[in-house]
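One structure below.
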Amino acid sequence: MDKPILQVALDLVELKRAVEIAGEALEGGADWLEVGTPLIKSEGMDAIREIKKRFRVKTLADMKTIDTGNVEVEMAAKSGADIVIILALSDDSTIQEAIRAAKKYGSEIMVDMINVPNPVERAKELEELGVDYINVHVGIDQQMKGMDPLEILSNVANEVSIPVAAAGGLDAEKAANCVSLGASIVIVGSNITKSRNVVESARKVREAIDKSWKSGKKVELKKRELDEEIREILMKVSTPNISDAMHRARAMRDVHPVVRGKKIVGKAVTVSAFDGDWAKPVEAIDVAGKGDVIVIKVSGDNAAVWGELATRSCINKGIEGVIIDGAVRDVDDIRELGYPIFAKREVPNAGEPKGFGEINVKIECGGIEVNPGDWIVADDNGVMVIPKERAYEVARRALEVKKHEERIRGEIEDKGRTLAEIVELYKWEKVQ
Ligand SMILES: O=C(CO)[C@H](O)[C@H](O)COP(=O)(O)O
């Protein structure tokens, strides 16, 4: 196999920024530039013309065509696209029309295998039809659910003789693994275009894929423990990132950090308790495991259901933290211990351990529903609840939010721009 191709996907909506980032990506070692679908939808064929005119490198148009193959391929090819990306899910007649149009204008066809149920069989059919490249691609929304292209890549690459590309959440390590599994083109978008230093990020991918290509070694895929991956990602993001990733989801109300400067990530052990009755909250310490978060909904906040001794017990067990929609006491000792507790009120008095209430039931804490096993992330901004069935997706989306903000922060700090300028607020105000 020749030296692997690094194709950078410009999945932005602002053409000015896309041009800037394209130049930086090429400086870092990118070979091809892909005008991403969002950019095409936002700027049309001008985006392809601009990128091709400016950089004169192999330029792709990610049209994601699924119908009228000839019309869409013709417009992209005439605008400068050397390769037009269409969807493998298209009808064969669309694929054939696209190939005819591409040949007419000296362009080539790459088919995106996104959402194809039987990728190996379909790849062989497409090769038969005459497409030029196969792109084993896991879409951004699929990545958020934990899918990645590595799993199907080697099967496809072993079955076709045309060049195979890989795309979908690739970073330097995954891109290198794709090369070792048979990809001759790696397509990288957000891990380069949303990074604060595009040149550096592109260079990292470049070095990683070249090293993998030279070594010729095939990588063994290891499945990571999902909870471990979720925790690792959530430790990198803030509660505002999570709120944005959940479409401005609400944080718990009236629950505040007793100890500032702390951040906790863990799965919920829930407790429903009565005002002042600290039996079930304390018994929950024996139910919770290392890394869990105890989340307590109390019927009132006149008397404390938590204090210093319960806190010391949590420290012994390695419990991540405690959230109390109710009252806590001994806050001076808790601050001394530096243990992350978030509560509604601080009072001097406790109640009696009568034992009313339940552990690991659905509760409403701070106005937000919490089920046992939901992920809790809390920091000085507040407390977010992530339903366990969406945890990986939300964690990945929150990481994308963080990466996007890091890029914008870089432009504000390094280029002295304003937020409104960078995100073109004036252009994207909702049309009334
Ligand atoms: O086609 C795309 C999404 O539909 C992207 O261009 C592709 O997934 C590469 O971007 P990323 O590396 O951010 O996944």
Side-chain angles (χ1 to χ4, degrees), residues 4-14 17-18 21-22 24-25 28-43 47-48 51 58-66 72 76 81 83-90 109-116 119 133-153 164-179 183 185-196 198 201-202 204-206 208-209 233 245 392-393 395-407:
I5 299 283
L6 172 53
Q7 173 180 325
V8 171
L10 303 166
D11 288 323
L12 300 100
V13 292
E14 300 95 13
R17 284 186 66 223
I21 289 170
E24 292 166 1
D31 300 294
W32 294 357
L33 293 175
E34 175 196 311
V35 181
T37 312
L39 190 54
I40 291 172
K41 290 188 175 179
S42 154
E43 303 283 350
I48 302 169
I51 295 292
K58 191 158 271 196
T59 303
L60 296 93
D62 189 3
M63 299 288 280
K64 289 199 173 66
T65 300
I66 195 158
E72 295 207 0
I83 300 174
V84 182
I85 302 176
I86 67 175
L87 293 182
L89 283 170
S90 311
I109 295 297
M110 177 183 282
V111 279
D112 183 336
M113 305 293 282
I114 190 170
N115 287 347
V116 169
Y133 306 89
I134 299 279
N135 173 5
V136 175
H137 174 215
V138 167
I140 291 170
D141 289 338
Q142 291 175 310
Q143 294 163 42
M144 299 304 138
K145 294 189 301 184
M147 290 173 66
D148 84 32
L150 291 170
E151 285 152 34
I152 56 177
L153 176 60
V164 174
L170 299 187
D171 55 17
E173 183 189 357
K174 285 187 177 175
N177 291 343
C178 286
V179 169
I185 303 159
V186 290
I187 303 171
V188 180
S190 56
N191 279 316
I192 290 178
T193 62
K194 286 186 181 170
S195 70
R196 180 155 181 171
V198 169
S201 304
K204 259 173 76 177
V205 176
R206 174 83 270 163
I209 63 176
I233 298 173
Y392 183 83
E393 177 196 351
R396 283 292 305 272
R397 291 186 188 282
L399 195 56
E400 292 304 305
V401 169
K402 179 182 169 70
K403 284 195 279 192
H404 182 63
E405 286 187 353
E406 275 167 0
R407 171 83 199 163

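Order of appearance sets the numbers: ligands from 1, and atoms from 1 within every ligand.
- In terms of heavy atoms, Thr193 sits closest to Arg407 at O-CD, 3.5 Å.
- Atoms OG1 and CG, on Thr37 and Leu10 in that order, are 11.5 Å from each other to the nearest 0.5 Å.
- Atom 12 (O) of ligand 1 has as its closest protein heavy atom Gly189 N, 2.8 Å.
- The nearest pair of heavy atoms linking Ala245 to Ala398 is CB-N, 3.4 Å.
- Using 4.0 Å as the threshold, Lys64 has a heavy atom nearer than that to some atom of ligand 1.
- Under the 4.0 Å criterion applied to side-chain N and carboxylate O atoms, Arg206 and Asp31 are assigned as salt-bridge partners.
- With respect to Glu400, the salt bridge (Lys or Arg N to Asp or Glu O under 4.0 Å) criterion is satisfied by exactly one of Lys402, Lys403, Arg397: Lys403.
- Counting only non-hydrogen atoms, the option in Ser190, Gly169, Ala167 that gets closest to atom 14 (O) of ligand 1 is Gly169.
- The shortest contact between atom 7 (C) of ligand 1 and any protein heavy atom is with His137 NE2, 3.5 Å.
- Across every non-hydrogen atom of Val198 and Ala25, the tightest pair is CG1-N, 3.6 Å.
- At a 4.0 Å heavy-atom cut-off, ligand 1 touches Asp62 through the side chain alone.
- The backbone N or O of Leu87 lies less than 3.5 Å from no partner atom in the side chain of Asp112, so there is not a single donor-acceptor pair.
- Ligand 1 places these atoms under 4.0 Å from at least one heavy atom of Ala9: 6 (O).
- Contact atoms of ligand 1 toward Glu34: 6 (O) (distance under 4.0 Å to a heavy atom of the residue).
- In this structure, Gly168 counts as a contact residue of ligand 1, since one of its heavy atoms falls inside 4.0 Å of the ligand.
- Distance from atom 6 (O) of ligand 1 to its nearest protein heavy atom, with residue and atom name: Asp11 OD2, 2.6 Å.
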